[in-house]
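Working notes, structure below.
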Amino acid sequence: METNNEEAAKKSLNFIEAFVEQDLKDKKNDGRIQTRFPPEPNGYLHIGHAKAICLDFGIARNYGGICNLRFDDTNPVKEDVEYVDSIQNDIQWLGYQWENVYYASDYFQQLWDLSIDLIQQGKAYIDEQSAETIAKQKGTPTVAGTESPYRNRPIAENLELFKKMNTGEIAEGAMVLRAKIDMASPNMHFRDPLMYRVITSHPHHRTGWTWKAYPMYDYAHGQSDYFEGVTHSLCTLEFEVHRPLYDWFIDQFKDSDYRPRQIEFNRLNLTYTVMSKRKMLQLVQEGLVSGWDDPRMPTICGLRRRGYSPEAIHSFIDKIGYTKFEAQNDVGLLEHAVRENLNKTATRVNAVLNPVKLIVTNYPEGKVEMMETGNNPEDESAGTREIPFTRELYIEREDFMEDAPKKFFRMTPGQEVRLKSAFIVKCTGCKKNENGLIEEIYCEYDELTKSGMPEASRKVKGTLHWVSASHAVKAEVRIYDRLFSIENPSADERDFRDLLNPDSLKVLTNCYVEPSLAKAKALDHFQFQRIGYFNVDPDSSAEKLIFNRTVSLKDSWAKEQNK
RNA sequence: UGUCUUAUGGUGUAAUGGUAGCACUGCAGUUUCUGGAUCUGCCUGUCUAGGUUCGAAUCCUAGUAAGACAACCA
C-alpha cells in the first residue's frame, strides 16, 4: 500500500485512474472524488470482491476522496444481517475503513417519492401482467418487444395502484411499476424496465414489514449513488449494458451539474476455483467444504484461515491490474504473492510431518544441548531462539534413502549431511521391520561441527530439519491443495461437483513440531523449514495443535524427480 | 439477423502515433547452514486484411474470435 514518490511517478495508471485524473483536471463535480463499495448482504465476500474493494477504497485514498460502504439491500428474500457483519469485518481486515456505512434501504422513502414524481410526469406505469407475459413482451435481443396493454393507464390510476402495492392490498407478483421508455430499444434494459415489485412473504432485515414495494437494482443503485454524492461508481463489466439506463434515471432526477459516472472493469477469475456465489453456497450447503471459511474457499475468510495475509492479497491484486479484458488469473500468481510476503515475515520453525526416528549413536544419552537458531534469515531484527538437541530426533521419512540416486543430497548411508543449526552427521545405517519399513536411522555426529564453530563451515550438500524426540509436540497438520482439479471449472460442461480435486485436503495427525509452537496463537504464520508456510487454525488448542498449510515452498527436488 | 464491449508471449499487464517492456510460469546457471530465498541469463507476443502516416500495438474501415444483455436478482 505504501509507495514512495519515485515509484508512484514511474507507475503507469490503469484506465480508471486515468479517468479520475482527467475528471480532476476538468474540475468535474467540484473536484470531489467519492466512491462506494456496494455489496448485497446475501453472501460472504470473496477475492473477487477484494479486487473491487481495493479499487473503490484505493481510488478514494489515493485521490483525497472518500469511500462509503453501502449495502445494496433491496431484496429481502435473499438478504440477512449475518452477512452484514462478516462483510464489514472482511473489509477492515483488508485494511480499509469506510467514511460512512449506508444502506439502500435508508433511501426507500426518497426512492418512493421520486417514483411518484415519475408517475406524475407520465413516465412510469403500473403493469398487472404476469412475470411470464412481461418477459415474453420484452422480445429478444434481436426482436423488438411489444407494449403492455397497461402502458397508457391514466396517471391517477397509476398513483393509486402504486400506493396499494405498498400497503399489502396487492398480492406479491400481481403488479409492478415500470418506467415508460422504449419497447423497441436495441438495448433490452430500455424496454420499460421494472422499477418496483411487491414482496410480502419476507420481512426486510432492517425495515421489517414497513415496505411491501421494493425498488429494483437499476433504479435503486444509481439513485443511491446520486443521493450520496458518488462521483465514480465502479463496477464489473457485466453492468456495461446497464450504463445507459443508469444515466437515464440520473437524467430524470438530476437538479445540478453534479452527476455520478459508472465505469466498468474486469472481474477477477481465478484458475482452479469457482467464484460464483451460487456455486460457493452449494459447496457449503452440501458439505463439500467445511464452511464459508474452509481454507480451500476463495472467500476472504477462507483465505484468512488458510494463512493469507492482507498484504499478500493486496500485492496479488496489484499485479493483476484493472482492464476491460476478461482475464483468467493464474492461482500460481496468488501463491507467488503469499510466498513473497511470508518469506519476509514468517518465523522459521522446525516441524516434521512424516516422522522417522534418527539416533545419533555417539551422542551422550540424556544430554540436552540448546542450539541457537535464527528466526528469519530475511529479517535480522526477528532475532534468534533456542531449540533443544538430543540423542534421539525425528526427521522426515523422505529425507532418507537407503539406496540413493547421485543427486540425492540428504541422509543416506556413508554420506554427510547437516542438521540445521546443530551438527554435521554421517549416516551409518538403519533398522527395518519385517515388511521392509524403516524404523530407525543411525548416524554419528562430529562435535567440532556445531553451528558457529569453524568446522561447521565444512561443505555438505544437504541440510535437514529435525526435532528432538523427547521435546517435540504432537500436532495435526492439514495439507490443502487446489479445490478443483481442472483449470477452469466454470467453463466445463460437466457438473462442477465432479471436478473437485479429491486430494484438496490431507490431514496428517502424526506430526511433530518444535516445543516453541505450543504457545502459538490462532492465525500466527510460520514457515516450516524446507516444507512450506503454515498458520495456526482457529480450532487449534493447547491440547491439540492444528496447523494449515498456506502454500508449499518451491520444491526444485520434486521437480527434478518428475523429470 | 440487434446493442454494448474486448483482443499484446503459456498467464496477467505496460507502452497514451516514435526502440514492444515488466511480473508470474518454464528452462539454464550462480549462491546458500532451508534443494527455500537471492542473483544472472534464456525461451515465448501486438487476431486477420486493408487504409491514414515519414512512422501504427496504438488512429480509421472491414472481417474473425470471445464476452455481456431477453430475472418481479444484484
Side-chain angles (χ1 to χ4, degrees), chain A residues 11-15 18 38-40 42 72-75 77-79 104 127 130-131 134-136 138-145 172-178 185-191 194-199 214 216-218 220-221 235-244 264 266 271 277 318-330 332-337 339-340 343-344 348 350 373-374 377-378 407-410 418-422 424 449 451-452 456-465 487 527-532 552-560:
Chain A
K11 192 187 175 292
S12 56
L13 302 176
N14 66 45
F15 77 103
E40 184 186 12
N42 70 344
D72 248 344
D73 57 349
T74 54
N75 186 0
V77 176
K78 290 188 182 169
E79 295 151 8
D127 199 338
S130 69
I134 290 175
K136 219 169 279 173
K138 283 240 167 150
T140 71
T142 54
V143 177
E172 185 163 318
M175 290 186 189
V176 291
L177 179 70
R178 300 177 72 179
S185 170
N187 183 335
M188 297 286 296
H189 296 280
F190 271 39
R191 324 244 261 227
L194 272 64
M195 292 177 68
Y196 272 86
R197 83 297 211 165
V198 177
I199 295 174
Y214 288 93
M216 305 287 293
Y217 169 84
D218 283 302
H221 189 89
C235 62
T236 45
L237 252 23
E238 67 267 31
F239 292 101
E240 216 150 22
V241 206
H242 293 247
R243 190 179 350 123
E264 311 85 14
N266 62 344
T271 55
K277 274 185 189 176
D318 226 47
K319 290 176 207 288
I320 63 172
Y322 297 88
T323 67
K324 296 182 76 104
F325 175 70
E326 186 143 341
Q328 269 295 321
N329 298 107
D330 191 342
L333 190 58
L334 177 63
E335 292 169 349
H336 164 77
R339 281 196 190 99
E340 185 178 55
N343 176 47
K344 295 275 185 282
R348 271 59 170 175
N350 292 303
T373 189
E378 302 290 321
K407 282 184 167 173
F408 187 78
F409 303 143
R410 308 179 183 183
R418 185 190 304 279
L419 295 179
K420 172 96 181 157
S421 306
I424 294 174
T449 62
S451 281
S457 55
R458 206 153 83 204
K459 290 286 174 222
V460 284
K461 281 282 204 178
T463 300
L464 306 188
H465 62 278
E487 201 166 84
Q527 186 199 90
F528 287 2
Q529 262 174 144
R530 303 209 303 132
I531 303 175
S552 68
L553 242 33
K554 283 213 242 171
D555 189 347
S556 52
W557 169 240
K559 213 177 264 178
E560 177 74 28

Could you give me the stems involving RNA chain B, meaning stretches of three or more consecutive Watson-Crick or G-U wobble pairs whose two defining distances are both below 3.5 Å? B:2-7 with B:64-69, B:10-13 with B:21-24, B:26-29 with B:39-42, B:47-51 with B:59-63
Could you report the tightest heavy-atom contact between E79(A) and D72(A), atom names first, then the distance? OE2-O, 3.4 Å
Sugar-phosphate only, base, or nothing, as touched by A135(A) at under 4.0 Å among non-hydrogen atoms: sugar-phosphate
Give one of base, sugar-phosphate or nothing for S421(A), where a contact means two heavy atoms less than 4.0 Å apart. base
Applying a 4.0 Å non-hydrogen cut-off, can you work out what F528(A) is touching in the nucleic acid: base, sugar-phosphate, or nothing? nothing
Does a side-chain N or O of T74(A) approach OP1 or OP2 of C73(B) to a distance below 4.0 Å, or not? no
Touch check for P244(A), heavy atoms < 4.0 angstrom, all strands: base, sugar-phosphate only, or nothing? nothing
Contact class for L13(A) vs. all strands (heavy atom < 4.0 Å): base, sugar-phosphate, or nothing? base
Proximity to the side chain of D555(A) - top-ranked nucleotide from C73(B), G35(B), A14(B): G35(B)
Just checking H221(A): base, sugar-phosphate only, or nothing, at a heavy-atom cut-off of under 4.0 Å? nothing
Summarise how protein sits on nucleotides 2-7 of chain B as a single string, 5' to 3': B when a protein heavy atom is under 4.0 Å from the base, S for sugar-phosphate-only contact, - for no contact. BSSSSS
Across nucleotides 18-30 of chain B, 5' to 3', mark each nucleotide with B, S or - according to how protein heavy atoms within less than 4.0 Å reach it. ------SSSSS--
Looking only at G12(B), U34(B), A14(B), the nucleotide nearest the N329(A) side chain is G12(B)
